[in-house]
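Every chain is numbered from 1, with letters handed out A, B, ... down the list of sequences.
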Number of protein chains: 2
Amino acid sequence: MLTFQNFKKRTAPTLESVCRDLIRENKERISVKKEEVAVRNMTRILEAVFALNREKGFGAMSLRDLSRRSGLSMGALYSCFPGKEELRSMILRRGAAYTREVILDQAPACATPAERLETAIETHLYLSESLRPWFYFAYMEASSLPRRERRRAKEDELATEQIFLDILLEGVAGGSFHCADVELTAALIKAVLQDWYLKRWKYKRKGITVEGYARFVVEFVLSRLTGNA
Amino acid sequence: MLTFQNFKKRTAPTLESVCRDLIRENKERISVKKEEVAVRNMTRILEAVFALNREKGFGAMSLRDLSRRSGLSMGALYSCFPGKEELRSMILRRGAAYTREVILDQAPACATPAERLETAIETHLYLSESLRPWFYFAYMEASSLPRRERRRAKEDELATEQIFLDILLEGVAGGSFHCADVELTAALIKAVLQDWYLKRWKYKRKGITVEGYARFVVEFVLSRLTGNA
DNA sequence: GTCTATATACCGATAGAC
DNA sequence: GTCTATCGGTATATAGAC
């Protein structure tokens with residue numbers, strides 16, 4: 001079992017570190033040239049974006065709201081990103097890429113399908129817990145994209161689901177899993193993992209920790225896959 | 001097993017019929033006095049709202065967008081609802097009330113817990129399938145509400161979950177279900193049901209019908225509850 | 001690199017003709 | 001009941017001082 005502490009120690013997914021990747025990825029579209037300045041400002045910007053996204057949604061958020069909340073002037077904002085729509089695209093693109101990197105970096109090939117499934121579930125939950133506002137933003141804003149980008153967002157979602165599907169298929173092929181519909185099972189796992197960061201208020205109210213939730217999901221799914229018939 | 005056809009025949013959840021309830025519920029806040037006119041216009045308004053909600057989100061939708069899409073002028077819009085925020089509130093309030101009415105109206109008390117659980121899952125899925133854009137809207141907009149209304153939206157969500165929780169508790173008490181954590185199991189069911197209307201593009205692509213999805217969810221959950229250990 | 005001031009377009013909401 | 005015209009205010013984005 002992977003603990004949340006060990007995950008954080010190994011992967012260290014802080015807002016600032018992902019912001020740094022975002023800055024480097026979009027260097028030519030950002031007029032601020034000193035990386036340290038850009039990272040510091042972008043971190044404050046994203047903190048404000050995510051807070052305002054929770055309160056009123058990105059579409060209803062104005063750049064004046066963002067300026068006030070982040071403490072940066074309108075001019076400073078525009079020196080860090082080229083426009084509101086582009087800011088959203090940058091955030092979504094980097095988030096999807098980072099998720100893919102982390103999830104693919106985790107599963108040791110030598111483990112059994114059951115162990116791999118457990119690790120994949122834990123990793124996904126711990127990552128979304130570490131960057132919960134980012135994940136929440138990505139989920140809520142993915143459908144408000146221009147056609148071309150929305151298409152890619154859907155492919156990103158299917159790619160994550162595919163990771164679970166592959167593990168299920170291996171387990172079924174090797175005889176350790178029994179499952180009539182692996183595709184729907186993979187979709188179910190994905191939906192349950194997303195509920196953790198979409199409805200955190202609910203689990204917080206119930207007093208559930210992320211490790212407790214992980215244990216529940218792993219046990220629920222594995223008992224279905226390895227149980228009778 | 002409840003079929004989608006039988007559900008629709010018995011409950012008949014059309015956009016127009018729910019709009020009629022919405023009009024009656026908010027009669028004093030709507031200046032159009034002929035009910036037939038108000039229902040016809042409100043139906044067109046909600047069709048446009050839901051379409052624009054999918055494309056850009058309610059917050060980013062302007063009333064001019066809405067006017068263009070619905071074919072009604074700005075003045076006609078304001079004769080059907082008192083303002084943009086109030087329109088959102090009216091939609092969310094009626095949707096939550098209607099869902100509660102339909103779900104509570106369905107479970108025959110004589111059935112076993114397993115049958116009641118099956119019926120509750122099917123009813124929820126069939127209702128969200130019939131009014132999918134409404135459910136999608138309610139999910140996406142519930143978090144962008146003023147404090148007081150958001151609080152009630154959360155209670156509505158918990159009330160639906162409570163229906164599943166009650167069935168699980170009865171089953172456990174009667175010995176027909178085995179379940180270590182009924183609260184998390186109820187939350188899991190809810191999350192999986194929501195995924196159906198939130199990610200329909202995914203299931204459509206896979207060729208899954210609402211009845212196929214219902215069968216999968218019922219089988220998955222029941223096998224866990226009535227299986228070993 | 002960060003600020004204030006401003007250009008231009010559009011917002012939600014309303015008044016008054018028909 | 002529905003329309004067009006228009007109100008005051010605010011939106012995104014930019015220009016130019018420092």
Engineer: Under a criterion of less than 4.0 angstrom to any heavy atom of chain A, what are the 5'-terminal and 3'-terminal contacting nucleotides of DNA chain C?
Structural biologist: C/dG1 to C/dT6
Engineer: Taking CE from A/Met61 and P from D/dA13, how many angstroms apart are they, rounded to a whole number?
Structural biologist: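 Taking atom P of D/dA13 as the reference, CE of A/Met61 is at 11 Å.
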Engineer: Using the six-membered ring wherever Trp is involved, compare the ring planes of B/Phe4 and B/Phe7 and label them parallel, tilted or perpendicular (cut-offs 30° and 60°).
Structural biologist: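 Rings of B/Phe4 and B/Phe7: parallel, under 30°.
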Engineer: Base, sugar-phosphate or nothing for B/Ser73? Non-hydrogen atoms, less than 4.0 Å.
Structural biologist: base
Engineer: For DNA chain D, whose closest nucleotide is more 5', that of B/Arg40 or that of A/Leu63?
Structural biologist: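 Nearest-nucleotide comparison on DNA chain D picks B/Arg40.
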Engineer: Could you say whether B/Lys34 or A/Gly83 is positioned toward the 5' end of DNA chain D, judged by the nucleotide with the nearest heavy atom to each?
Structural biologist: B/Lys34
Engineer: Starting at CE of A/Met74 and ending at C1' of D/dA13, how long is that distance when rounded to a whole Å?
Structural biologist: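 It is 7 Å, rounded to the nearest whole Å.
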Engineer: Could A/Glu161 and B/Lys206 be called an ion pair, given the rule that one side-chain N must be under 4.0 Å from one carboxylate O?
Structural biologist: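 Salt bridge between A/Glu161 and B/Lys206, a charged N being under 4.0 Å from a carboxylate O: yes.
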Engineer: I need the CG-C1' distance between B/Leu77 and D/dT4, as an integer number of Å.
Structural biologist: 14 Å
Engineer: Using a distance-only test with no angle check, is there a side-chain donor-acceptor pair under 3.5 angstrom linking A/Ser143 and B/Tyr136?
Structural biologist: yes
Engineer: Out of the candidates A/Arg94, A/Arg20, A/Arg93, only one should pair with A/Glu25 under the salt bridge (Lys or Arg N to Asp or Glu O under 4.0 Å) rule; please name it.
Structural biologist: A/Arg94
Engineer: In a check of ring-ring contact (aromatic ring centres under 6.0 Å, His included) between B/Tyr213 and each of B/Tyr197, B/Phe220, B/Trp196, which one passes?
Structural biologist: B/Trp196
Engineer: Salt-bridged, A/Lys190 to B/Asp195, with N to O below 4.0 Å?
Structural biologist: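 No salt bridge links A/Lys190 with B/Asp195.
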